[in-house]
Amino acid sequence: MLIFLTFLTDFMRLKLLIFLVIVVAEIASGYDGFWQGVYLFKPLIMLSLLFWTSDYRKSYPYLWIGMWFGLGGDIFLMIREKDLFVAGLGSFLVMQIFYIIAFSKTLTPTGKAQLRSTWWWLTLPFALYALIFLVILYSPITQSADKQGLWGPVVAYSICLCAMGAAAALRKGSVNSTSYAWVLVGAVLFIASDSGIAVNKFLHRFEGSTLFVMMTYSAAQWLIVWGMIKKESRFQ
């Protein structure tokens, strides 16, 4: 934590504090059943990041577009009156695609050259995780009459999600160590968050799922967004 904080200016720490307040307020509202609070605070997670990084939208257009689809996914999944899981999944899938493109745009010829013989070591863990997790989910989804139609979307999303993690890993050697670490950790946390959603929805509901999913998700978005910008900019 101390190492993390050394890279933050006072203004960035204020932004982080505000961001944490938003996340905690959203989680508390959900646990308290105060859904108006959820409808207020959940969109603010991505809206705050979009507002703070608006100056970088031309430098990182694919990241910026992806963030908007992340906001859309949040909105679809928070609505309780109607099951919009597939819509939310689709919005996040598009977000993952734009994040992958954004990550690939940071690769340099030098970084690519360094990875010619080692790239598969960095991508293999994500490929194996996607394969194993889909094997685990196969029976619970395909053998359930009301969930069979979700198998295709879940497979497509899982592939894109883990491809996003692999794309983050492949930035090694192309960006500074801080940017690389933040984005990679963020990608891993994103995978953990979505895995929590899948376990809770398809395998077994577990206590504290909302806390786990929202904390890992919000941390993932924060680290990915600011980690990308940290590639060549000091925090403002």
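All heavy atoms count here, side chains included; hydrogens, waters and symmetry mates do not.
The distance from the CE atom of M164 to the CZ atom of F126 is 8.5 Å, given to the nearest 0.5 Å. Atoms OG1 and OH, on T210 and Y217 in that order, are 14.5 Å from each other to the nearest 0.5 Å. Between atom CD1 of residue I22 and atom CG of residue L17 there is a gap of 10.0 Å, rounded to the nearest 0.5 Å. If you take CE on M228 and OG1 on T106, they are separated by 5.0 Å, rounding to the nearest 0.5 Å. From W68, atom CH2 reaches atom CZ of F98 across 14.0 Å, with rounding to the nearest 0.5 Å.
The main-chain N or O of S54 is found under 3.5 Å from a side-chain atom of R57 such that the two form a donor-acceptor pair. A side-chain donor-acceptor contact under 3.5 Å links S179 to the backbone of G227. Panel note: side chain E26, backbone V38; no donor-acceptor pair is recorded below 3.5 Å. Within the 3.5 Å criterion, the main-chain N or O of F190 finds no donor-acceptor partner in the side chain of S193. Between the side chain of T118 and the main chain of W121, no donor-acceptor pair closer than 3.5 Å is present.
Closest approach of F133 and S195 over heavy atoms only: CZ-O, 3.7 Å. For the pair P43 and L71, the tightest heavy-atom approach, listed with the atom from each and the gap, is O-CD1, 3.5 Å. Of all heavy-atom pairs spanning K201 and K147, the tightest one is O-NZ, 3.0 Å. Scanning all heavy atoms of the two residues, the minimum distance from P140 to L203 falls at CG-CD2, 3.4 Å. Taking every heavy atom of both residues into account, L77 and L84 meet most closely at CD2-O, 4.2 Å. Nearest heavy atoms, L122 versus A169: CD1-O, 3.6 Å.
V135 and V199 fall into different hydrophobic clusters, where Ile, Leu, Val, Met, Phe, Trp and Tyr residues are linked whenever their side-chain heavy atoms come under 4.5 Å apart, directly or through other members. The cluster map of Ile, Leu, Val, Met, Phe, Trp and Tyr, joined by side-chain heavy atoms under 4.5 Å apart, puts F34 and I45 in different clusters. Taken together through direct or relayed side-chain contacts under 4.5 Å among Ile, Leu, Val, Met, Phe, Trp and Tyr, L47 and V21 form parts of separate hydrophobic clusters. Side-chain heavy atoms closer than 4.5 Å link hydrophobic residues (I, L, V, M, F, W, Y) into clusters, and following such links, possibly through other members, connects W120 to L184. Under the 4.5 Å side-chain contact rule for hydrophobic residues, F41 and V24 do not share a cluster.
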Q: I would like to know whether L107 and R171 meet side-chain contact (heavy atoms from CB on, under 4.5 Å); could you show each step before the answer?
A: CA-CA 6 Å; L107 301 182; R171 296 171 73 242; 4.2 Å; yes
Q.
What verdict does the side-chain contact (heavy atoms from CB on, under 4.5 Å) test give for W222 and V23, after you've listed the backbone C-alpha separation in whole Å, the side-chain angles of each residue and the deciding distance to 0.1 Å?
A. CA-CA 11 Å; W222 174 276; V23 173; over 6 Å; no
(Q) Go through it in stages, so that I can follow the logic: the residues are Y99 and L63, the test is side-chain contact (heavy atoms from CB on, under 4.5 Å), and I'd like the CA-CA distance, side-chain angles, deciding distance and then a yes or no. (A) CA-CA 6 Å; Y99 277 14; L63 178 70; 3.7 Å; yes
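S117 meets the side chain to side chain contact (heavy atoms under 4.5 Å, CB included) test with no other residue; sequence neighbours excluded. In this structure L134 satisfies the side chain to side chain contact (heavy atoms under 4.5 Å, CB included) test together with W151, V154, V155, S158, sequence neighbours excluded. Scanning for side-chain hydrogen bond (donor to acceptor under 3.5 Å, both in side chains) contacts around Y39 gives E81, with sequence neighbours left out.
Taking the ring axis of F11 as reference, the NZ or CZ atom of K15 stays within 45° of it and closer than 6.0 Å to the ring centre.
A heavy-atom distance below 4.5 Å is not found between the side chains of V188 and V185.
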